[in-house]
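Read the structure below first, then the notes.
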Amino acid sequence: KTIAEKAGVNQATVSRALNQATAYMISEKMREKIRKICDELDYRPNYSGRSIVTGKTFKIGMILCDMLHDFSAHDWARIIYNLSIELQKHGYALTILHADGNENRDRQVLDFLMSGIADGYVTSLSMLGTNVFNMLQKLKAPLWIVCPSGETVSAINHIQRDDIPAFSEVWHNIPENILDKTAFFGMESIDVNIRLREIKAASVIAHPGKNIIITPIFYKHHTRMTALEYRDAYRQAIIHMDELKKHKFIWCYSDLCARALCDALEDNGIMPGKDIYIIGYGDFETYEKTDPRPVISTISANADFIGETIGKLLMSAKNNNIQRKIIQSTFIPRETFPVNK
């Protein structure tokens with residue numbers, strides 16, 4: 001009421017101006033005038049009070065199972081960052097919940113879910129135990145599952161990454177005379193096996209009728225921390241150098257793995273992009289947007305766009321129909337596998 005009097009408008013105008021969902025109805029000049037008065041009075045709308053009136057929490061819950069690893073993984077960091085930005089445009093905040101299979105912690109998450117702590121949820125299949133997943137399916141609040149390429153889920157909203165078209169584009173650009181000299185370099189894991197399976201499937205699409213053999217060069221990893229992935233990959237590249245040198249094109253599980261392989265090859269007098277082609281995954285070199293000249297040819301999972309898209313889908317949920325959104329990955333050629341287009 002005080003702000004309305006100072007601004008010379010009615011209270012409904014102030015309410016609309018301070019609500020992200022209705023601010024567009026008020027002119028920018030008036031919104032700025034109202035914001036200035038709010039700053040002078042140290043006032044902001046009380047979300048608790050707004051929740052009582054609207055029945056909304058103005059929160060979206062993100063459920064993670066391994067926070068230390070998830071926060072250090074640049075793809076999930078990008079999803080969280082862009083999801084948060086999109087939610088804030090609509091006056092929503094992101095709430096993080098931790099469900100890791102521990103009975104007590106999962107029970108705590110169940111209690112939060114049953115209490116209606118958020119108006120919607122986002123998570124990944126790999127991050128959910130059976131109890132939490134079953135509870136989420138019973139909730140009326142919208143739920144979106146992030147699925148990596150090669151994995152899917154039925155009867156629930158999910159956003160599906162699709163790597164096959166980008167992998168196929170890479171195969172189309174590999175010179176015919178080195179197709180039989182390709183390898184895959186990466187740590188042993190379920191995710192790596194899925195990635196390799198998708199790369200093989202793409203080779204069939206790009207070169208039907210050809211049985212292209214991809215030599216797997218796997219190594220055991222000693223850490224799940226992204227920051228230490230380079231160290232493991234470099235050490236293993238040195239150990240497997242004789243085998244790696246036999247090939248002319250090497251797919252790497254990640255950009256950090258590719259960067260380590262390039263450094264190991266250069267230390268042995270072999271020039272990536274000339275003597276041997278390398279391609280990574282993840283577009284890690286543009287993560288902070290500070291590298292003036294990225295060099296690793298890569299497949300971008302478009303994690304930024306995935307986070308933004310999930311936010312828009314959550315904010316526009318209008319019905320109960322199950323939705324599936326497909327986000328295609330993108331092949332980005334650089335120095336380690338230059339392509340003339």
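- The side-chain heavy atoms of Ile306 and Ile159, taken from C-beta on, include a pair separated by under 4.5 Å.
- Considering only residues two or more places apart in sequence or on other chains, Tyr121 meets the ring-ring contact (aromatic ring centres under 6.0 Å, His included) condition with none of them.
- Tested against Ser149, the residues Gln160, Glu198, Arg161 include a single side-chain hydrogen bond (donor to acceptor under 3.5 Å, both in side chains) partner, Glu198.
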Q: Would you check, one step at a time, whether the test salt bridge (charged side-chain N to carboxylate O under 4.0 Å, His left out) holds for Glu176 with Lys210?
A: CA-CA 11 Å; Glu176 290 276 342; Lys210 289 187 178 182; 2.4 Å; yes
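- Counting non-hydrogen atoms of neighbouring residues, nucleotides and ligands closer than 6.0 angstrom, the CZ atom of Phe218 exceeds 12 such neighbours.
- Of the possible polar contacts, none joining the Arg31 side chain to the Leu18 backbone as a donor-acceptor pair under 3.5 Å is found.
- In the hydrophobic cluster analysis, where Ile, Leu, Val, Met, Phe, Trp and Tyr join through side-chain heavy atoms closer than 4.5 angstrom, Ile194 is grouped apart from Ile199.
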Q) Can Arg259 and Asp255 be said to form a salt bridge (charged side-chain N to carboxylate O under 4.0 Å, His left out), step by step? A) CA-CA 6 Å; Arg259 180 69 267 174; Asp255 279 2; over 6 Å; no
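- For the residue pair Asp191 / Ser189, no side-chain donor-acceptor distance below 3.5 Å is found, with atom types taken as modelled.
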Q: Check the pair Ile37, Arg35 against side chain to side chain contact (heavy atoms under 4.5 Å, CB included), reporting the backbone distance first and the verdict last.
A: CA-CA 5 Å; Ile37 295 172; Arg35 283 195 293 263; over 6 Å; no
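- The two residues Pro216 and Leu196 have their closest heavy-atom pair at CB-CD2, 4.2 Å.
- At a threshold of 4.0 Å, the pair Lys36-Glu32 does not count as salt-bridged, since none of the basic side-chain nitrogens sits closer than that to a carboxylate oxygen.
- With 3.5 Å as the limit, one finds no donor-acceptor pair spanning the side chains of Tyr81 and Asp304.
- Not counting sequence neighbours, the partners of Phe167 by the ring-ring contact (aromatic ring centres under 6.0 Å, His included) test are Trp251.
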Q.
Run Ile332 and Ser297 through side chain to side chain contact (heavy atoms under 4.5 Å, CB included) and show every step you take.
A. CA-CA 6 Å; Ile332 304 176; Ser297 296; over 6 Å; no
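- Separating the CG atom in Leu97 from the CD1 atom in Ile117 is a distance of 5.5 Å, to the nearest 0.5 Å.
- Residues Lys325 and Thr309 form a side-chain contact, since some pair of their non-hydrogen atoms from C-beta on lies under 4.5 Å apart.
- With a 4.5 Å cut-off on side-chain heavy atoms, Ile80 and Leu94 count as touching.
- Using a 4.5 Å cut-off between side-chain heavy atoms of Ile, Leu, Val, Met, Phe, Trp and Tyr, with links allowed through other members, Val146 and Phe71 fall into the same hydrophobic cluster.
- Taking 4.5 Å as the limit, some side-chain heavy atom of Val9 sits within range of a side-chain heavy atom of Val14.
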Q: Show the numbers, then the answer: is there a side chain to side chain contact (heavy atoms under 4.5 Å, CB included) between Asn157 and Gln323?
A: CA-CA 5 Å; Asn157 297 326; Gln323 299 181 63; 3.9 Å; yes
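- Salt bridge Lys33/Glu28: absent, no basic N to carboxylate O contact under 4.0 Å.
- Using modelled atom types, one finds no donor on one side chain facing an acceptor on the other under 3.5 Å when comparing Asp162 with Ser329.
- Side-chain atoms of Asp267 and Tyr234 include a donor-acceptor pair closer than 3.5 Å.
- Considering Asn268, Ile270, Ile239, Ile250 as possible partners of Leu244, the one that fulfils the side-chain contact (heavy atoms from CB on, under 4.5 Å) test is Ile250.
- Atom-to-atom distance recorded for Ile310:CD1 and Phe305:CZ is 11.0 Å, nearest 0.5 angstrom.
- The side-chain heavy atoms of Thr95 and Met62, taken from C-beta on, include no pair separated by under 4.5 Å.
- Contact check for Pro333 versus Asn173: no side-chain heavy atoms found under the 4.5 Å cut-off.
- Residue Glu103 qualifies as open at atom CD: its count of foreign heavy atoms under 6.0 Å is 12 or below.
- Taken to the nearest 0.5 Å, the NZ atom of Lys274 stands 14.5 Å off from the CG atom of Leu265.
- Asp75 places no side-chain N or O within 3.5 Å of a backbone atom of Ala303 that could act as its donor or acceptor partner.
- The two residues Ile296 and Glu285 make their nearest non-hydrogen contact at N-OE1, 2.8 Å.
- The side-chain tip of Arg195 points at the ring of Tyr281 from less than 6.0 angstrom away and within 45° of straight on.
- Follow the hydrophobic side-chain contacts under 4.5 Å out from Val170 and you never reach Ile205; the two are in separate clusters.
- Here the side chain of Arg16 pairs no donor or acceptor atom with the backbone of Ile26 at under 3.5 angstrom.
- Between His74 and Gly282, the shortest heavy-atom distance links the atoms CE1-O, 3.0 Å.
- The minimum heavy-atom distance between Thr22 and Ser15, with the atom names listed, is OG1-O, 4.3 Å.
- Here the closest non-hydrogen pair linking Tyr92 and Lys59 is CD2-N, 3.3 Å.
- Ile238 contributes atom CD1, which lies 10.5 Å from atom CD of Gln236 (distance to the nearest 0.5 angstrom).
- With hydrogens and angles disregarded, no donor-acceptor distance shorter than 3.5 Å links the side chain of His158 to the backbone of Trp144.
- Ring-plane geometry between Phe185 and His240 is classed as perpendicular, the angle between the planes exceeding 60 degrees on a 0 to 90 degree scale with a lower cut at 30.
- In this structure, Met67 places its CE atom where more than 12 heavy-atom neighbours from other residues, nucleotides or ligands lie under 6.0 Å away.
- In this structure, CG on Asp275 lies 10.5 Å from CD1 on Ile278, to the nearest 0.5 angstrom.
- The nearest pair of heavy atoms linking Ala260 to Tyr230 is CA-CE1, 3.3 Å.
- Connection of Ile212 to Ile178 is established within a shared hydrophobic cluster, with ILVMFWY side chains joined at heavy-atom distances below 4.5 Å, either directly or through further cluster members.
- Side-chain contact annotation: Thr298 with Asp283, donor-acceptor N/O pair under 3.5 Å absent.
- Counting heavy atoms from C-beta on, the side chains of Ile279 and Phe331 come closer than 4.5 Å.
- Remark: side-chain polar atoms of Ser300 are not paired, donor with acceptor, to backbone N or O of Thr330 under 3.5 angstrom.
- In the hydrophobic cluster analysis, where Ile, Leu, Val, Met, Phe, Trp and Tyr join through side-chain heavy atoms closer than 4.5 angstrom, Leu179 is grouped apart from Ile213.
- In this structure, NZ in Lys56 is found 7.0 Å from CG in Asp119, a value given to the nearest 0.5 Å.
- Proximity of Thr215 to Thr182: side-chain heavy atoms (C-beta onward) are nowhere separated by under 4.5 Å.
- With a 6.0 Å radius and a threshold of 12 heavy atoms from other residues, nucleotides or ligands, Phe112 has its CZ atom at or below the threshold.
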Q | Worked check of ring-ring contact (aromatic ring centres under 6.0 Å, His included) between Phe337 and Phe249 | A | CA-CA 9 Å; Phe337 181 42; Phe249 190 99; 5.0 Å; yes
